[in-house]
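Here the structure is laid out as structure tokens; the discussion comes afterwards.
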Amino acid sequence: MLDTSGGRYENWRNSLIYNSTLIQHYSTTAGYWAGDKYFRYDSYATSLWDRYYPSAVKGIEDIIAQLNDEGNSGSEMGMARILRVFIYHRITDTHGDIPYSEAGKGYIDGVLKPKYDAQQDIYMDMLKELEEAVAQIGSSSTMGNADSMFMGDTTKWKAFGNSMMLRLAMRMTKADISSAQAWAVKAISGGTMTSNDHIAAIQHTDGPEGINKNGHGEVFDADRQARASATMMAHLADDPRKSVMFQRRSDGSQVVADLVGMPNGRTSSGYTDLNGNAVPGIGDTSIYAEPADALRRKDVPMVFQTYAEVEFLKAEAVIRGWTSGDAKAHYDAGVTAAMQMLKQIYPGTTAIPQADIDAYLAGPGAYDATKGWEMCMNEYWKATYLNHHEAWFNWRRTGYPTLTPTKHPSGVTGGKIMRRMFYPNSEASTNGDNYAAAVARQGADDVMTRVWWDK
């Protein structure tokens with residue numbers, strides 16, 4: 001679980017340097033923060049792959065093999081299979097076709113050069129795995145506090161499994177609408193998260209071992225370059241979360257009027273963009289907002305999926321006509337949960353009063369059925385702040401929120417937001433035949449090649 005949450009290395013390079021700025025949660029003038037200028041840094045783009053396969057993947061495959069050897073077909077196996085899906089879903093949504101069915105089997109089966117499975121096949125298997133995993137989880141487990149997510153609570157594991165099923169089902173809406181609908185309905189009817197008590201998050205401490213610390217928190221200790229983007233601040237203009245989530249870099253002020261977002265794509269010196277426009281440099285970044293102290297700690301949870309996200313996806317299912325119900329009710333529940341969860345996840349923050357939540361839902365955040373899906377997905381993007389993987393994945397599926405790409409002349413995308421991360425360079429030499437087959441099937445190993453569900 002701690003390996004899946006990740007350490008400083010991959011959270012710095014993949015989650016923050018790339019994903020958080022690609023999705024315009026953050027902005028920065030630092031040149032090595034590559035995401036919002038679309039620079040290519042190979043070891044950054046492949047850091048999730050480089051860390052997950054030797055740790056989280058190997059670990060979960062070993063655990064499942066051991067449970068099979070022990071004849072464990074109950075709760076512990078079901079929990080392991082759900083965690084396994086989460087691990088692979090994050091890798092495949094980052095890269096596309098990946099080693100899956102043969103991955104992590106070097107010791108178990110002697111497979112040293114695993115094939116790359118097609119992402120469509122991976123998705124179908126992950127959904128099957130979730131359905132079977134939820135079904136085999138009983139009323140109790142032996143895990144207890146060794147389960148750093150739900151403390152052995154099997155009810156919460158079942159809800160997480162079905163909620164992940166809903167997430168993956170909705171991910172397929174562009175690629176396989178009929179399967180997306182069938183699995184979304186199955187997930188909702190099976191029982192998803194029902195409150196913030198069901199949030200799937202890995203608990204962390206500030207030591208003693210490094211792996212116990214929140215990887216984002218470790219990054220923020222070492223690197224204070226991130227600023228709230230102008231896009232993020234615009235979306236939070238009349239939102240009570242603004243003064244909870246951010247503070248001014250210069251003096252720590254959380255007064256709303258002091259919280260200004262920095263435009264994406266800027267550097268410390270000016271440049272001429274791809275359209276021939278002069279882009280001024282930013283010398284003093286201390287006037288802009290940064291993550292609030294309470295969110296930057298090393299002992300706060302690392303969030304995998306929230307109840308708020310589930311409510312927005314349920315609203316989408318109603319909007320699409322897949323389920324009965326009230327889309328506005330799901331939207332309101334999602335916004336309420338997203339605001340209330342901040343105090344639960346980050347105890348050092350100030351709780352948002354219910355009156356402020358009600359005022360937002362009656363005013364600037366009031367549901368408008370004529371643009372209901374866009375509103376739900378915009379709120380999903382806000383709710384997945386500090387889960388930048390998911391924010392980027394869902395934006396690629398939906399196109400929301402509407403983001404304006406930057407046009408730095410040294411970018412590798414022609415002024416477009418990246419659609420995937422490429423494979424490690426070593427794959428072409430160490431697993432060449434399987435790498436070549438994946439590229440032939442999926443398309444060029446390029447950041448603008450769309451994965452199966454994004455086509």
Side-chain angles (χ1 to χ4, degrees), residues 3-4 6 9-10 13-15 18-19 40-66 68 80-81 83-130 168 171-172 174-176 179 389 392-393 396-397 412-413 418-455:
D3 284 338
T4 305
Y9 183 88
E10 66 272 35
R13 289 157 176 78
N14 186 253
S15 176
Y18 265 118
N19 294 352
R40 175 166 178 158
Y41 288 102
D42 287 26
S43 64
Y44 294 3
T46 65
S47 59
L48 183 75
W49 178 299
D50 295 338
R51 282 296 187 265
Y52 260 27
Y53 273 109
S55 61
V57 168
K58 181 181 183 299
I60 199 64
E61 294 294 351
D62 286 350
I63 287 166
I64 288 174
Q66 181 174 331
N68 272 322
R81 291 171 79 179
L83 183 61
R84 178 180 179 273
V85 167
F86 182 88
I87 292 166
Y88 282 112
H89 120 73
R90 183 166 277 185
I91 306 173
T92 187
D93 286 354
T94 298
H95 295 280
D97 295 3
I98 60 167
Y100 173 73
S101 60
E102 295 180 352
K105 303 292 179 64
Y107 177 79
I108 299 167
D109 293 334
V111 178
L112 302 181
K113 295 184 177 181
K115 69 177 182 180
Y116 287 54
D117 294 272
Q119 188 179 63
Q120 182 176 7
D121 296 337
I122 295 170
Y123 258 69
M124 293 302 104
D125 190 71
M126 289 193 300
L127 289 163
K128 173 195 73 69
E129 284 290 294
L130 289 172
L168 298 186
R171 195 81 87 228
M172 302 190 298
K174 285 199 295 187
D176 187 346
S179 292
H389 297 283
W392 181 47
F393 301 158
R396 286 154 60 198
R397 174 181 80 92
V412 296
T413 67
M418 295 173 173
R419 309 302 297 200
R420 67 179 283 270
M421 294 294 155
F422 41 82
Y423 299 123
N425 291 330
S426 60
E427 283 295 293
S429 57
T430 61
N431 196 11
D433 290 345
N434 290 315
Y435 166 83
V439 172
R441 179 176 57 239
Q442 179 169 263
D445 187 11
D446 182 82
V447 293
M448 295 310 296
T449 295
R450 296 183 179 227
V451 303
W452 167 72
W453 54 253
D454 190 26
K455 294 176 180 178

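Atoms CE and CG, from M124 and L168 in turn, are 9.0 Å apart once rounded to the nearest 0.5 Å. Here H89 contributes atom NE2 and I98 contributes atom CD1; the two are 11.0 Å apart, rounded to the nearest 0.5 Å. If you take OG1 on T94 and CH2 on W392, they are separated by 6.0 Å, rounding to the nearest 0.5 Å. E129 contributes atom CD, which lies 12.5 Å from atom CD1 of I122 (distance to the nearest 0.5 angstrom). Separating the CG atom in N68 from the CD1 atom in I64 is a distance of 8.0 Å, to the nearest 0.5 Å.
In this structure, I108 and E61 have side chains that are in contact, with non-hydrogen atoms separated by less than 4.5 Å. Looking at P114 and N431, their side chains come closer than 4.5 Å, going by heavy atoms from C-beta outward. Counting only heavy atoms from C-beta outward, the side chains of Q442 and V439 never approach each other to under 4.5 Å. Looking at Y53 and P99, their side chains come closer than 4.5 Å, going by heavy atoms from C-beta outward. Residues D446 and R419 fail the side-chain proximity criterion, which asks for heavy atoms closer than 4.5 Å. A 4.5 Å side-chain heavy-atom check between I63 and Q66 finds every atom pair outside the cut-off. The shortest side-chain heavy-atom distance between R420 and D445 falls under the 4.5 Å cut-off.
For the salt bridge (charged side-chain N to carboxylate O under 4.0 Å, His left out) test, no residue two or more places apart in sequence or in another chain qualifies with D109. With sequence neighbours excluded, the residues that form a side-chain hydrogen bond (donor to acceptor under 3.5 Å, both in side chains) with D50 are T46. Under the ring pair (Phe, Tyr, Trp, His ring centres under 6.0 Å) criterion, Y107 pairs with no residue at all, not counting sequence neighbours. Among residues two or more places apart in sequence or in another chain, the side-chain contact (heavy atoms from CB on, under 4.5 Å) test is passed with A45 by Y18, M421, F422. With sequence neighbours excluded, the residues satisfying side-chain contact (heavy atoms from CB on, under 4.5 Å) with S43 are Y9. Partners of K455 under the side-chain contact (heavy atoms from CB on, under 4.5 Å) rule, at least two apart in sequence or in another chain, are R450.
Although no hydrogens or angles enter the test, the distance criterion places no donor-acceptor pair under 3.5 Å between the side chain of N14 and the main chain of S47. Between the S179 side chain and the D176 main chain, no donor and acceptor come within less than 3.5 Å of each other.
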Start with the C-alpha distance between T92 and W452, add both sets of side-chain angles, then the distance that settles side-chain contact (heavy atoms from CB on, under 4.5 Å), and finish with yes or no. CA-CA 10 Å; T92 187; W452 167 72; over 6 Å; no

Give the C-alpha distance, both sets of side-chain angles, the deciding distance and a yes or no for side-chain contact (heavy atoms from CB on, under 4.5 Å) between D121 and M126. CA-CA 9 Å; D121 296 337; M126 289 193 300; over 6 Å; no

Go through D454 and R397 one step at a time and tell me if the salt bridge (charged side-chain N to carboxylate O under 4.0 Å, His left out) criterion holds. CA-CA 6 Å; D454 190 26; R397 174 181 80 92; over 6 Å; no

Show your reasoning for whether side-chain hydrogen bond (donor to acceptor under 3.5 Å, both in side chains) applies to Y100 and D125. CA-CA 10 Å; Y100 173 73; D125 190 71; 2.6 Å; yes

Apply side-chain contact (heavy atoms from CB on, under 4.5 Å) to residues I87 and R84 and explain how you reach the verdict. CA-CA 5 Å; I87 292 166; R84 178 180 179 273; 5.5 Å; no

Q119 vs H95, side-chain contact (heavy atoms from CB on, under 4.5 Å): CA-CA, chis, key distance, verdict: CA-CA 9 Å; Q119 188 179 63; H95 295 280; over 6 Å; no

Taking it one step at a time, do K113 and D433 satisfy salt bridge (charged side-chain N to carboxylate O under 4.0 Å, His left out)? CA-CA 9 Å; K113 295 184 177 181; D433 290 345; over 6 Å; no

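In this structure, F393 and H389 have tilted ring planes: the angle between them lies in the 30° to 60° band. Using bins of under 30°, 30° to 60° and over 60° for the plane-to-plane angle, the ring pair Y116/W49 lands in the tilted bin.
Here the closest heavy-atom approach between residue E102 and residue K115 is recorded as OE1-N, 3.0 Å. Considering every non-hydrogen atom in both P54 and K58, the closest pair reads O-CB, 3.7 Å. Closest approach of M418 to M448, counting heavy atoms only: CA-SD, 3.9 Å. Here the closest non-hydrogen pair linking D3 and E10 is O-OE2, 4.3 Å. Of all non-hydrogen atoms in A80 and I60, the two that sit nearest each other are O-CD1, 3.6 Å. Across all their heavy atoms, T4 and A56 have their closest contact at OG1-CB, 3.8 Å.
With no hydrogens or angles considered, no side-chain donor-acceptor pair links D42 and Y423 at under 3.5 Å. Side-chain contact of W453 with D93: a donor-acceptor pair under 3.5 Å is present, judged by distance alone. Donor-acceptor pairing under 3.5 Å is recorded for the side chains of S101 and D117.
In this structure, the ring of Y88 has its center no less than 6.0 angstrom from the ring center of Y52.
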